[in-house]
Each structure stands twice: as structure tokens, then as C-alpha cells.
Amino acid sequence: MEMRCSGGVQMLQILGLVLVLGIPNCEAVLRHKFVIKETNYTRLCSTKSILTVNGQFPGPTLYAHKGDTVIVDVYNKANYNVTIHWHGVKQPRNPWHDGPEYITQCPIKPGGKFTQNVTFSLEEGTLWWHAHSDWTRATVHGAIIVYPKESTSYAFAKPHTEVPIILVYEHAGEWWKQDIVDIYDEFLQSGGDPNISDAYLINGQPGDLYPCSKQDTFKLVVEYGKSYLLRVINAALQDILFFAIAGHQVTVVGTDASYTKPLKVDYITISPGQTIDLLLEANQPKDHYYMAARVYSSATGVEFDNTTTTALIQYKGRYTPSSPPPLPYLPYYNDTAASVNFTGRLRSLASGEHPVPITVPQTVTHKFLFTVSVNTFPCVNDSCAGPNGSRLAASVNNISFVSPSISILQAYYYHIKGVFGTRFPSKPPLEFNYTADYLPLAVRTPRNGTEVKVLKYNATVEMVFQGTNVVAGTDHPMHLHGTSFYVVGWGFGNFDKKKDPKKYNLVDPPLQNTIAVPKNGWAAVRFQAFNPGTTIATLMLTRFFSSIEGIIIWLFGGENIFFRSLVHALSSRTTLVMGHGDGIHR
């Protein structure tokens with residue numbers, strides 16, 4: 001471990017690059033090596049080769065303190081391109097290292113290496129990292145734990161033990177019959193739904209309700225009277241999940257690396273990409289208790305995996321455990337009221353000792369209304385597996401994002417024309433009753449495009465994500481790269497720009513980087529564009545949206561000298577081994 005200290009200009013050499021960075025305070029610099037490679041794993045009675053980092057599934061956990069910098073040398077020994085994204089890390093003045101392919105960088109080629117700087121600034125709590133190329137994140141992911149600064153403490157009593165709880169799922173056919181890339185390619189070719197999952201996992205294990213899984217079920221041994229911090233991460237590709245522990249309530253104390261007011265609950269609802277910190281008090285009679293997770297699926301007529309993954313809470317001591325252990329109550333799979341009842345009660349802590357890291361914007365300079373929809377494209381002779389022989393797609397304001405062949409951030413800096421446009425609409429091009437049961441066929445087919453919205457530095461933004469009933473109404477998990485946002489309001493039906501803002505919470509809304517727009521409803525978020533670079537609002541639900549994702553691209557332009565000088569240093573002195581487009585090059 002190195003130390004970077006205050007009082008001057010530091011020289012950091014990465015990949016032969018010397019950057020001049022002013023560092024205001026002492027901070028730790030940690031270094032890790034990620035080797036992406038194929039590894040054999042056995043689950044559900046069968047063995048198959050999966051993509052891993054350092055041979056681990058889930059991958060290694062990164063530990064840091066608030067203010068630290070972590071350097072990760074990523075070696076791609078797989079047979080296809082890959083990138084790594086640091087989900088929820090703001091990366092101030094460091095957009096080149098965020099990780100989404102063809103947005104901030106081109107992918108790392110097989111046999112290539114890319115060194116990434118991961119800078120923790122305002123984050124404190126639980127985040128995660130994952131591959132950001134096609135479906136490689138299914139097995140290439142791991143936890144990030146950001147502790148308070150050395151001289152500070154948690155916003156709650158320090159727990160006895162901390163435990164990452166990573167919720168995942170595995171596709172039928174993918175685990176023991178075919179490679180994940182083959183499944184993904186078949187999904188793209190068919191244009192329909194992917195195969196439903198065959199098992200959900202907790203910390204890489206299905207649990208003893210599945211065949212050949214009892215011996216390896218994840219077990220957490222607890223001691224009566226002590227508290228445990230469960231850092232829950234939903235790493236699933238497409239499913240919102242309910243999670244609970246039999247016989248125990250848990251207390252929510254954080255979400256997406258930001259503290260919340262303590263909220264005692266019987267269950268949580270967690271979206272793909274989201275993290276939630278829970279305090280568990282071991283205060284029940286000594287026994288074995290299941291923790292369990294299963295899907296929340298609101299889309300009508302869509303197949304889903306209705307199995308339940310489990311892990312065990314085992315109290316220390318001498319006793320005869322219940323057989324079988326009790327299962328927790330989990331809401332029914334389509335219980336939308338149960339889902340929003342949890343998410344709607346989250347509030348930022350906003351205490352004197354732990355103030356909110358970013359001020360809630362009371363006024364905004366930009367207001368956007370973005371419809372998020374399931375769409376279809378027609379296929380020749382109705383030959384695809386989507387509705388009526390069509391191909392499933394997704395759109396934001398009726399634009400389906402088309403991935404470019406070079407990094408958008410590179411194109412922005414070098415003024416390369418023809419890579420993207422700047423006419424992303426601020427409101428839907430066609431206004432209609434977005435949540436009606438029957439909608440005109442004309443709104444089903446979006447247009448393709450690589451459009452961006454350019455914002456000036458420090459602009460204050462309100463985005464209203466409006467769900468629609470085009471093709472199929474469903475919840476829409478949305479994730480914003482490079483910044484967090486305040487969820488100031490939500491509701492069902494169509495957003496009313498005159499009435500609904502009067503009900504906004506501008507006092508203590510939760511600060512998050514991932515939310516779920518409710519089925520046939522809306523969610524309003526606010527943030528300040530203080531982090532220059534290229535960032536994206538990504539739809540995390542891959543069931544419909546793998547080939548043509550619903551993505552909004554943001555470019556924070558304007559007058560930030562630090563950004564332009566850092567970009568100049570990177571672009572003029574770095575040679576990267578990257579995929580198509582060659583990354584940033586000379």
C-alpha cells in the first residue's frame with residue numbers, strides 16, 4: 001500500500017503514464033490484480049466452465065476507506081472482449097476508468113491489460129464491481145466495501161461482524177449445457193425472451209432447496225446478543241428480488257453507499273445493481289433460520305423463475321435445530337404494493353454528524369421527462385420470437401440506443417464527427433396516455449440512434465422516468481453512472497407536472513444510484529452535474545434489453561479545467577491494449 005499526501009503535486013505512473021494530480025489530503029493507494037479467465041465450477045449436479053476473476057465466483061471483494069484510491073490491473077485471459085465497471089463509484093475527474101464499453105472506453109482485448117484507477121470520494125458503505133460487456137457480468141462481479149475514514153465511525157453502532165450477501169441467478173441451459181456467450185448469442189438471434197433462470201444464488205450457492213446443493217449452502221454463524229451488518233447486493237442480470245430472514249426483522253441503515261434513517265422491516269425489495277445495508281440483531285431463540293430470496297415480477301405474460309434461494313443463519317450453542325429450518329415470509333411474486341411499500345419508505349439519514357454528501361437541489365436548471373418502454377422491431381416474415389414474430393427492444397423517449405464502434409468519451413474529446421448526435425429529446429416526441437391498457441401500434445416501434453444530452457458543469461437536473469404500457473408494462477430498474485441522485489418522488493399512472501412536484505420530498509429523499517421505476521408509474525430524481533465526463537443512465541433489466549439497450553448518454557461539458565487537463569494527459573501519453581476502436585491512442 002502506498003500513501004499520497006497533501007501539500008503539493010504528486011506523480012503517479014500507470015501504464016507508462018505520468019499524470020500530474022493535486023491531492024489535497026493524505027489517502028491510501030491500494031493495488032489489486034484482476035485476472036479474467038475461464039474456471040470450472042460445479043452447481044446443480046453439473047460442472048461447467050464460467051468466466052471468473054482470479055478463479056473466484058463471486059469475485060474478490062475490494063476493501064477501501066472513504067477517500068482512498070484503488071488501482072486495479074485487469075488482465076483479460078478470456079476469449080472475448082471485456083470491461084470492468086465500478087458500480088456506484090463516482091470517479092471524480094476520472095471518467096476514463098468507469099468501465100462501460102464504447103461509452104468511456106473500448107473493451108479490453110483477449111490477452112490485453114488495462115489499469116484502472118478507482119477513486120472513492122463521497123461513497124461510504126456497500127457498492128460492487130462487475131463486467132460491463134454483454135452478459136459477462138453474470139459471473140464476473142464482486143463486492144466493494146467502503147469503510148468510513150480512519151478518524152470517523154459508522155452512523156450506527158459498530159456491528160460484531162460484516163458479511164457481504166450477493167444475490168445472483170443462473171440461466172437454464174447456461175450452467176451445465178452451454179456457455180453464457182452462446183446463450184446470449186441465441187437470445188440476440190431469436191429476438192425473444194431469454195431462457196428463464198434455473199436457480200438463484202446467495203454468495204454463489206443455490207441453497208438446499210435445489211438438487212445437489214445442501215452441503216455447500218452458504219451459512220452464517222451468529223452469536224446470541226450480537227449484531228451483524230449484512231451488505232446485500234443484487235447482482236442478478238434482470239430480476240428484482242424480495243429478501244428476508246425467518247424470525248428476524250432487519251434494520252436498513254444504508255443503500256448504494258449512502259446512509260439512511262434506520263428502517264426496521266420484515267423484508268426488503270432490491271433491484272438489479274442496487275445495494276442495501278442491513279443490521280441483523282441475533283436476538284431470537286437459538287436455532288437454524290433460513291434467509292431467502294425470490295423474484296418480484298410485475299410483467300404480465302412473461303415467464304419467470306419462481307424458485308427460492310436460501311442460506312442459513314445458525315446460532316452458536318448446543319441445541320437441536322428445527323428440521324427443516326423455518327422459511328421467512330416473502331411477498332407474492334407480483335405484489336407491487338409490497339415492493340413500493342418498502343422502497344417508498346427509504347429516507348436519507350441527513351444527521352448532524354453524517355450530513356448528506358450532496359445537497360438536495362431545491363431548484364433545477366433542466367427538467368426532463370423520459371419515457372421508458374418495452375418495444376418491438378418487425379422481423380422479415382414475422383420470423384423472430386418476440387410478440388407477433390417481432391424482436392424485443394427497449395427505448396427511452398422512443399430512441400433505442402445503438403452502441404458506437406469507438407468510445408463516446410474519446411469521440412467527444414477529439415471532436416470525432418458521426419459517432420453520436422446531441423439531439424436527445426427532453427420529452428417524449430409523441431405525447432399519449434402512457435399507461436393506458438390499449439395503445440396505438442405506432443408507438444411500438446422506436447427509432448435507432450446514438451443520441452446524447454449535453455449538460456454544462458454544475459447544471460442541476462430533474463429527470464422524471466415515466467413507465468409505459470407499450471408492449472408490456474413492467475418495472476424498470478435504472479442506474480446512473482458517475483453520480484448519485486435523490487429520489488424526490490414517485491407514483492402510479494402518468495406524471496402530472498403541475499400536481500406531482502408539490503408532493504416531492506426535498507428534505508430527506510434517499511440518495512441512490514439505482515432505482516426501479518414502478519410498473520405503469522413514474523419516479524422523479526434530482527442531481528447536480530458536478531462530475532465532468534461521459535456518464536450514462538442504464539436500464540438494468542436485461543430480459544428485454546440486451547441487444548438494443550434503453551440508455552441515455554450524458555456529457556458533462558463546459559468549463560472544467562481539471563477535466564480537460566486530465567483528459568489531455570491521458571490522451572497524449574497512454575497506449576492501451578483495447579478492443580475494436582483501439583481505445584485512447586496516439
Peer 1: Say whether Q274 and N234, considering side chains only, have a donor N or O and an acceptor N or O under 3.5 Å apart.
Peer 2: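 N234 and Q274 do not have a side-chain donor-acceptor pair below 3.5 Å.
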
Peer 1: Are side-chain N/O atoms of T126 and D277 paired as donor and acceptor at under 3.5 Å?
Peer 2: yes

Peer 1: Answer with yes or no after comparing the ring centroid distance for H476 and F465 against a 6.0 Å cut-off, counting only values under it.
Peer 2: no

Peer 1: Tell me whether R231 is salt-bridged to E162, with the criterion being a basic N under 4.0 Å from an acidic carboxylate O.
Peer 2: yes

Peer 1: Taking atom types as modelled, find out whether S298 and D475 have a side-chain donor-acceptor pair closer than 3.5 angstrom.
Peer 2: yes

Peer 1: Flag the pair Y296 / Y333 as yes when their ring centroid distance falls below 6.0 Å, and as no otherwise.
Peer 2: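 Ring centroids of Y296 and Y333 are no less than 6.0 Å from each other.
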
Peer 1: With a cut-off of 6.0 Å (strictly less than), are more than 12 heavy atoms of other residues, nucleotides or ligands near NZ of K286?
Peer 2: no

Peer 1: A side-chain contact here means heavy atoms from C-beta on lying under 4.5 Å apart; do Y289 and L327 qualify?
Peer 2: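 A side-chain contact is absent here, since even the closest heavy-atom pair is not under 4.5 Å.
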
Peer 1: Testing the 3.5 Å rule here: is there a donor-acceptor pair between the side chains of D73 and T115?
Peer 2: yes

Peer 1: If we ignore angles and hydrogens, is there a donor and acceptor under 3.5 Å between the side chains of S227 and E281?
Peer 2: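 Absent: no donor and acceptor within the cut-off.
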
Peer 1: Would the number of heavy atoms belonging to other residues, nucleotides or ligands and lying under 6.0 Å from NZ of K33 be above 12?
Peer 2: no

Peer 1: Is it true that H97 and F114 have ring centroids separated by less than 6.0 Å?
Peer 2: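 When the ring centroids of H97 and F114 are compared, they turn out to be within the sub-6.0 Å range.
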
Peer 1: Roughly how far apart are Q512 CD and D256 CG, rounded to 0.5 Å?
Peer 2: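 One gets 5.5 Å once the value is rounded to the nearest 0.5 Å.
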
Peer 1: In this structure, is the centre-to-centre distance between the rings of H479 and H85 below 6.0 Å?
Peer 2: yes

Peer 1: Is it the case that the ring center of W129 lies less than 6.0 angstrom away from the ring center of F34?
Peer 2: yes

Peer 1: Taking atom types as modelled and ignoring hydrogens, do the side chains of N375 and S395 form a donor-acceptor contact shorter than 3.5 angstrom?
Peer 2: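 Their side chains do contain a donor-acceptor pair, which is all the 3.5 Å distance test asks for.
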
Peer 1: Mind checking whether L349 and H354 have side chains closer than 4.5 Å, heavy atoms only?
Peer 2: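 Side-chain contact under 4.5 Å: yes.
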
Peer 1: For a quick check under 3.5 Å, do D239 and Y200 share a side-chain donor-acceptor pair by atom type?
Peer 2: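 There is such a pair between these side chains.
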
